[in-house]
Amino acid sequence: MLPIVLKISRITPKVTSMPRIVRLLASSRSLGTFQPVQGVQGIDDISDPTIGQNFEDFSLRKSNKLYVIQSKLKCTEEEATKMLKWSKEIQATDYKEISENLTILLNHEVTPACILENPWLLVEKKATIRQKIFSLNDMEPKQLRDFVPLLRISLINLMKLQQRYKQESPHIPHKHRVYYLSNQLEIEPRIVSKYLSLRQFIFYLPFSKLHASISLLRKYNVAPMNILKDIWVLRYNADLIQERLDYVKKVEVKRTMPWMVRCPDSILDNSLKITQENRAILGRNETALEYLCERLGYDQQTMMYIMSKHPAALRVRVTKIKEILDYLLIEAGFSPQDIAQVPRILCHSLETTRSRLNELKNHGCTPSTLTIVCKSQREYEKFVNNWLSCREKIKIKEKLDSL
């Protein structure tokens, strides 16, 4: 029996020397669950995300969130995943809190589609979101989802808007500024709310000033979404807005933009000058694509395919396109096909293009394609050095052959 006792005594120290947390985890895996041990120092205060009452790991908690979002909003897994990826704050929020927020919103008839559009709602505090919804309801929305984006405003500021609404609602059309702007711009209230939540000064502008500004902008056919995206224009006096828009109208600009009211005179003058030059170059054509078709001799479908290789070329100013085409076709002697093969050339500086082609010509190099002209400075210099090196070797070989 003595050898057996000795064998056990050798094994025992190894078992007892194992850290207690390792032994507890090992035993919990065999049982399937983990029960915290009370009174054991170093166990209850462990902040390991993989240890919980049900031994849930991160992937399991993520699955819980996805399940909660999908089941409550009746959405696809892709939509639920997109919501979770919206911010790290959502990823760190417990699925129970997400579930409670969704329940509150759905009980107040906020549609699933509206919640999917506003993923930040998942991280609002439960008590705060209830107070905010109370404030929104006090402003008498036709349906709560019209004002949902306003929940992003702090509770204090939202309560100020609530008081503001009570003061002015009897005196303004549609009772609320969101609905007034929605009617004037013919845009859904929820979209108007989204932009106003980021530009709260609109709620405090004198209504007479707001009405005069919005009426003028609509009179001069400024696109509603452009007004909403650049809503700072409504802070300007109606007299200044009309003066600027009258000036722009004389130049016959096709699309009047809000920034034309706000920018300095020098910038506006330069922009209008470019517009006039573009119109003179385009002639009967309306777009850069049509102009390229005319200059290079391709039909519109073929030109669209050519430009799909480098779409940025269609965003180049028409004045610059004309200068580059004039130089390449008339001075440098390239064909329309050469340009069509490398539409990227239209995006490059004319000075750089001219300088490189002259340098290559001086070295006796006539490039078969414009690709080398579009290379980076390092790649271009490498090409030139290789060309010079090869030319020197050819000269040396010719001398040796002649001996």
Side-chain angles (χ1 to χ4, degrees), residues 142 146 149 168 171-293 300 304 311-312 314-322:
K142 296 175 182 177
D146 292 343
E168 69 175 13
H171 312 293
I172 66 172
H174 307 283
K175 299 181 70 175
H176 198 284
R177 295 195 182 205
V178 167
Y179 288 125
Y180 166 74
L181 288 172
S182 174
N183 178 265
Q184 290 289 309
L185 301 175
E186 298 178 355
I187 296 174
E188 290 183 57
R190 62 186 181 83
I191 298 175
V192 174
S193 293
K194 175 185 173 182
Y195 285 93
L196 297 197
S197 69
L198 304 174
R199 301 287 182 262
Q200 297 168 39
F201 71 86
I202 289 294
F203 293 106
Y204 300 99
L205 282 178
F207 183 77
S208 57
K209 180 179 180 179
L210 175 64
H211 179 70
S213 299
I214 203 79
S215 299
L216 271 174
L217 292 167
R218 296 298 291 128
K219 176 184 174 183
Y220 284 87
N221 298 318
V222 180
M225 275 307 301
N226 289 335
I227 297 173
L228 204 54
K229 289 178 180 179
D230 193 3
I231 208 164
W232 290 102
V233 70
L234 298 178
R235 300 188 72 168
Y236 288 77
N237 291 326
D239 293 340
L240 175 62
I241 293 174
Q242 180 154 10
E243 180 184 344
R244 276 295 182 90
L245 296 181
D246 280 337
Y247 181 58
V248 170
K249 187 177 179 180
K250 290 177 183 177
V251 186
E252 298 180 358
V253 175
K254 289 184 179 179
R255 189 171 61 170
T256 307
M257 300 294 288
W259 64 263
M260 294 177 176
V261 174
R262 302 190 297 106
C263 69
D265 291 340
S266 58
I267 293 177
L268 180 62
D269 289 339
N270 186 53
S271 174
L272 296 179
K273 180 184 176 183
I274 291 170
T275 299
Q276 289 175 318
E277 290 173 350
N278 287 347
R279 188 181 298 118
I281 292 169
L282 287 173
R284 62 184 180 181
N285 301 307
E286 294 189 359
T287 63
L289 182 69
E290 292 177 5
Y291 176 72
L292 285 167
C293 290
Q300 193 162 334
M304 285 178 67
L314 290 176
R315 296 193 290 271
V316 178
R317 282 205 317 264
V318 177
T319 50
K320 180 181 176 181
I321 290 176
K322 180 183 182 301

- Would you say Met257 has more than 12 foreign heavy atoms packed within less than 6.0 Å of its CE? yes

- Does atom NZ of Lys273 have more than 12 heavy-atom neighbours, drawn from other residues, nucleotides or ligands, at distances under 6.0 Å? no

Quick one, [X] and [Y] - any side-chain contact, counting heavy atoms below 4.5 Å?
X	Y	value
Val248	Tyr220	no
Arg244	Asp265	yes
Tyr179	Pro189	yes
Tyr204	Arg177	no
Phe207	His171	no
Leu185	Met225	no
Leu217	Asn226	no
Tyr291	Ile281	yes

Could you state the interatomic distance from [atom1] ([X]) to [atom2] ([Y]), rounded to the nearest 0.5 Å?
X	Y	atom1	atom2	result
Leu196	Leu228	CG	CG	6.5 Å
Ile214	Leu181	CD1	CG	5.5 Å
Gln276	Ser271	CD	OG	10.0 Å
Leu245	Lys219	CG	NZ	10.0 Å
Arg199	Asp230	CZ	CG	9.0 Å
Asp269	Cys263	CG	SG	8.5 Å

Closest approach of [X] and [Y], non-hydrogen atoms and distance?
X	Y	result
Ser182	Val192	CA-CG2, 4.0 Å
Arg235	Lys209	O-NZ, 2.8 Å
Arg255	Met260	O-CE, 3.8 Å
Ala288	Leu282	N-CD2, 4.3 Å
Ser197	Gln200	O-NE2, 3.4 Å
Arg218	Ile227	CD-CD1, 4.1 Å

- salt_bridge(Arg317, Glu277) N-O dist < 4.0 Å: no

- Item | Full working for side chain to side chain contact (heavy atoms under 4.5 Å, CB included) between Tyr195 and Val178 | CA-CA 10 Å; Tyr195 285 93; Val178 167; over 6 Å; no

- Note on the structure: Across all chains, not counting sequence neighbours, the side-chain hydrogen bond (donor to acceptor under 3.5 Å, both in side chains) partners of Asn285 are Glu294

- Query: Going by the angle between their ring planes, with limits at 30° and 60°, are His211 and Tyr180 parallel, tilted or perpendicular?
  - Reply: tilted

- Query: Counting distance only, does the side-chain N/O of Thr256 pair as donor-acceptor with the main-chain N or O of Val222 below 3.5 Å?
  - Reply: no

